[in-house]
K.L.:
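Below you'll find the structure I mean.
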Amino acid sequence: MKNFAHKLVEALIAVLPITVLVVVLNYAVKPMPTVNLGAFLTGFVLLIVGEALYSLGSQISLEPIGEAIGAKVTATKKIPLILAVTLVVGIIVTVAEPDLTVLATQISSIPNSVLIWSVAAGVGVFMLIAVLRMLLKVPLNILLLGLYAVVFILAAFSEADFVPLSFDSGGVTTGPITVPFILALGAGISTVVGGSKSQEDSFGMVGICSVGPILAVLILGLVYNANAETTVTPITDFNNFGEVLKYFGEALPTYLKEVGIALLPIYAFFAIFQLVLIKFPVKRLLRIGVGAIYTYFGLTLFLLGANEGFMPAGTYIGELFGGDLKWALIPLGAVIGSVLVLAEPAVHVLIKQVEDVTGGSVKRKNMLIALVIAMAAAVALSMTRVVTGISIWYIILPVYAIALALSFFVPKMFTAIAFDSGGVASGPMTATFLLPFAMGASEAVGGNIITDAFGTIAFVAMTPLVAIQVMGAVYKLKKHIGSRAATSAGYREMLATEGDLIDLEAE
């Protein structure tokens, strides 16, 4: 109970800033109907409880499962088994990812199931590539350079509408289910592989897996040879708060079913490995079972609050500012981005693991500051596109070029963390608040929703690549200065000692 109370406080601190911002904007510009504001605040309560339960459940359930599977399978040293398990795990956890479903339902030109399974296959294949990289000790920056070269070449020949959508899909696939599992699997494999690079190898999997969905959607665009289509979901009108509660109550069974279907394959897969390979003691299994219950209800409440409470508010705020206040969208986007990243559950999973794996040398606070700055820049850039209609190419090409160039100069572990951070920053809050916000603003401005609003998630996944590596460069510089200072101090001490000896000899 004490752990849950702690998680509840953390969730409140994370979600409160964006909630306060929406309420202030609501009253400062043009208030939405009071009942609709009540629906938003109901979503706020559900988000807090859901994120607290999910965070606790993930910590005692999903993470141990991922680490155990990664360690045990790698310990067999049977490469075909390792690769087969990796592929299946990648596909299973991606199909289970709720963010992907949210994105798929907003695209009408490709059947939902086709988009979801294609993206899942992309993640599975690239998760396999990530494991091969660890086993073969391939430098991460070299691999990423090659993969993104293929991405940009393919994107140049794809339909313009599918380019923003493809990069968005790379961000949404790494959410609250995928991230803890992939990070834990990577940690488990790197523990067995060992070596001096094990710290670096425990990160980077999420970043590599994010490339798979981009390529999958670009290929889909070539196969379907059609323009992507979408519509802005209208805001539901309520007459009283009783209707709000009824609305959430009627939506709850749908989310219970969806999350159950999403999580069931993961735990079924674990059950098979438990019987054959892992063999956890009964006490450990009971703990994992309790964690699974927390994860199930936590994720259900989180998604219910995000989709039914926050998504309509995001659309409303976007439409509100997309009219006469369209240029205010850019600074507003920066503010929204900077507070929204605090509410992403997978972000806190990553920064905790970074601090644990690095023994505290990379502080949580520093990671969070870098991600806040990156998210602010991402949403500001996205709103610039919405207002001006400039092509996504003018932003993604130079930013990725800078990110890949930095990977050759900063400590390798920071490159791995940076590309993982890009994936985790673009979670369910981004898909259910930020994307509707951009879509509402784009419609109000009179722009093209597909080419101007989509790409928002891609920017959120892109800017941390630069921000975290810049943090790594600063870390490297400080370490170098500290080393030189220590060497200088040692040299002065040696000279002083020699001086004392000369004085003694003179005496």
Side-chain angles (χ1 to χ4, degrees), residues 58 61-63 65-70 72-74 78-105 107 110-135 147 151 166 168-186 188-189 204-220 223 258-274 276-277 292 295 299 346 420 423-424 426-428 431:
S58 171
S61 182
L62 288 178
E63 292 177 34
I65 290 174
E67 286 182 5
I69 291 176
K72 291 291 184 181
V73 171
T74 310
K78 297 177 180 178
I79 302 298
L81 176 63
I82 295 171
L83 299 182
V85 169
T86 300
L87 179 65
V88 174
V89 167
I91 293 173
I92 287 175
V93 296
T94 305
V95 171
E97 191 54 65
D99 301 1
L100 179 57
T101 304
V102 172
L103 181 67
T105 54
I107 303 298
I110 300 177
N112 286 7
S113 59
V114 173
L115 183 61
I116 289 170
W117 282 100
S118 297
V119 167
V123 173
V125 169
F126 276 77
M127 196 165 167
L128 188 149
I129 291 172
V131 171
L132 280 174
R133 180 193 78 84
M134 281 193 274
L135 295 175
L147 292 177
V151 164
S166 65
D168 277 355
S169 67
V172 299
T173 49
T174 46
I177 290 180
T178 317
V179 167
F181 209 85
I182 291 178
L183 286 175
L185 185 70
I189 292 173
M205 283 191 74
V206 174
I208 294 171
C209 289
S210 297
V211 181
I214 301 175
L215 289 174
V217 175
L218 288 173
I219 293 170
L220 278 180
V223 171
E258 287 180 356
V259 173
I261 292 172
L263 291 175
L264 185 60
I266 295 175
Y267 288 104
F269 194 70
F270 165 68
I272 295 171
F273 269 82
Q274 166 63 20
V276 177
L277 202 61
T295 303
L299 196 53
D420 280 356
V424 302
S426 50

K.L.:
Minimum heavy-atom separation for Ser118 and Val114, please, with both atom names.
P.N.:
OG-O, 2.6 Å
K.L.:
Give me the atom names and distance for the closest heavy-atom approach of Ala121 to Ile91.
P.N.:
CA-CG1, 4.1 Å
K.L.:
Quick check: closest heavy atoms across Pro213 and Val123, and the distance to 0.1 Å?
P.N.:
CG-CG2, 3.5 Å
K.L.:
What distance do Trp117 atom CH2 and Thr94 atom OG1 have between them, rounded to the nearest 0.5 Å?
P.N.:
10.0 Å
K.L.:
Any chance you could measure Leu215, atom CG, to Leu147, atom CG, to the nearest 0.5 Å?
P.N.:
7.5 Å
K.L.:
Indicate the atoms forming the closest heavy-atom contact of Leu218 with Ser166, along with that distance.
P.N.:
CD2-OG, 3.5 Å
K.L.:
Looking at CG of Leu263 and CD1 of Ile92, how far apart are the two atoms once the value is rounded to the nearest 0.5 Å?
P.N.:
12.0 Å
K.L.:
Tell me which one of Val89, Ile208, Val88 satisfies side-chain contact (heavy atoms from CB on, under 4.5 Å) with Met127.
P.N.:
Val89
K.L.:
Please find the pair of heavy atoms, one from Leu87 and one from Leu128, that lie closest to each other, and give the distance.
P.N.:
CB-CD1, 4.1 Å
K.L.:
Is there side-chain contact between Ile65 and Tyr267, with heavy atoms separated by less than 4.5 Å?
P.N.:
yes
